[in-house]
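As structure tokens, the structure follows; a few thoughts come after it.
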Protein chains: 2
Amino acid sequence: MSRVNRPSAPQAAAHVPSFTTLRRLLGYRLRRATMLVQSDLAETLKPFELRMITFSALVLIRDNPGLSQSQLAAAMDVERPNLVVIVDELETRGLIARDRLATDRRTYALTVTEAGDRLCAEVVAAVEAHEARLFDGLTEAERKTVEAALALIHRNAKG
Amino acid sequence: MSRVNRPSAPQAAAHVPSFTTLRRLLGYRLRRATMLVQSDLAETLKPFELRMITFSALVLIRDNPGLSQSQLAAAMDVERPNLVVIVDELETRGLIARDRLATDRRTYALTVTEAGDRLCAEVVAAVEAHEARLFDGLTEAERKTVEAALALIHRNAKG
DNA sequence: TATTGTTATACTCTATAACTATA
DNA sequence: TATAGTTATAGAGTATAACAATA
């Protein structure tokens, strides 16, 4: 098979590779920044023994007392079977409670316990402090521009 | 266990859950936007039978002819064992070639074939068109602000 | 019959240890 | 001995099918 860009004998590339094409893509930069934020956030959550997905679930249950597992799964964009283990973990740790609805005994009403409420307040404060550090140097106007851009992506995607 | 925010009898939550806490977090919005862009991008790559990771590899090999697998793995932040199957796939499809270096017969010099070069040009054009559509409505100044913000995250992270 | 939660399972991605061949 | 590439494998994360209890 014929090749392009190849000298007569195979040759090693320069030490630091060129990212010229990928770096032109905003989606690529977006992904790299998000991965950085995520691994950084994982460190912030570690002392609380929470992962991003258990953190999201805890916060959503606190903000929406009485939520069912199906509703939570839909809100988190997670398949129902996969949510079961997440809710199991939070319940085993005594952070949330599952109560059967009297009006429909198939569904659970999810609520945070007092311990869950306390932990939630602590970890949200820690995450907000983490975010403040991560976005330190951004003016309020710049932050608004970034938020507007992210909202724009939502409108333009899935067209 | 005692609970907070719980009425005397468990009650169903409102239909649309509240995201008030999560939506305040820029990292959360960043992640959601990135996931949207990625699934949208996956659709763009599907006709070319490329995934994001094989696309990145193909582009990096084209931009850095002679790159070794170790260098490519480091550049892509992928473990060497996992890169093998990616390179295998591109080679099987005749898009890249593996040539042993005469100066060090342990390492491969990776290059794109003519077919790989053609496909790369096509798919990069498609991805750039896809990005233009996704970020349509952003002024050049706004785009620069977003890029600067993403660069700022890189500087602030891993502190 | 349809829905909630569950189990079992499979498939993808990613991470680690150990091997081979070359240096 | 050290490194490049490879194999095997284990662990997450995620997706689908099918079941029991309830509606």
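Please read these numbers as outputs of a predicted model, since none were measured by experiment. The chains referred to below are lettered A, B, ... by the order of the sequence lines, with proteins before strands, and numbering in each begins at 1.
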Correct closest heavy-atom pair for Glu131(A) and Tyr28(B) would be OE2-N, 4.2 Å
Nearest to the side chain of [X], which nucleotide is it out of [options]?
X	options	answer
Arg80(B)	dG5(C), dT6(D), dA21(C)	dT6(D)
Pro81(B)	dA8(D), dG5(D), dT4(C)	dA8(D)
Gln69(B)	dC13(C), dT6(D), dG5(C)	dT6(D)
Thr107(B)	dA23(C), dA23(D), dA4(D)	dA4(D)
Ile53(B)	dC13(C), dT14(C), dA21(C)	dT14(C)
Glu79(A)	dA2(D), dT22(D), dA15(D)	dA15(D)

Figure out the [atom1]/[atom2] separation between [X] and [N], and round it to whole Å.
X	N	atom1	atom2	result
Asp88(A)	dT6(C)	CG	P	6 Å
Met52(B)	dT14(C)	CE	P	9 Å
Leu83(B)	dG5(D)	CG	P	9 Å
Met35(A)	dG13(D)	CE	P	14 Å
Arg100(A)	dT3(C)	CZ	P	18 Å
Leu101(B)	dG5(D)	CG	C1'	13 Å
Arg51(B)	dC11(C)	CZ	P	15 Å
Leu72(B)	dG5(D)	CG	C1'	13 Å

Establish, with yes or no, whether the OP1 or OP2 oxygen of [N] is under 4.0 angstrom from a side-chain nitrogen or oxygen of [X].
X	N	answer
Arg105(B)	dT20(C)	no
Gln71(A)	dT4(C)	no
Arg98(B)	dT6(D)	yes

On DNA chain C, check which nucleotide each of Val84(A) and Arg106(A) is closest to and give me the residue with the more 5' one.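 Upstream on the strand: Arg106(A).
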Would you say the side-chain atoms of [X] and [Y] include a donor-acceptor pair closer than 3.5 Å?
X	Y	result
Asn64(A)	Ser18(B)	no
Arg80(B)	Gln69(B)	no
Arg62(B)	Thr111(B)	no

More 5' along DNA chain D: Asn82(B) or Ser70(B), using each one's nearest nucleotide? Ser70(B)
Check for me whether Arg100(B) meets the cation-pi criterion with Tyr108(B), that is, NZ or CZ under 6.0 Å from the six-membered ring centre and within 45 degrees of the ring axis.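 That pair qualifies as a cation-pi contact.
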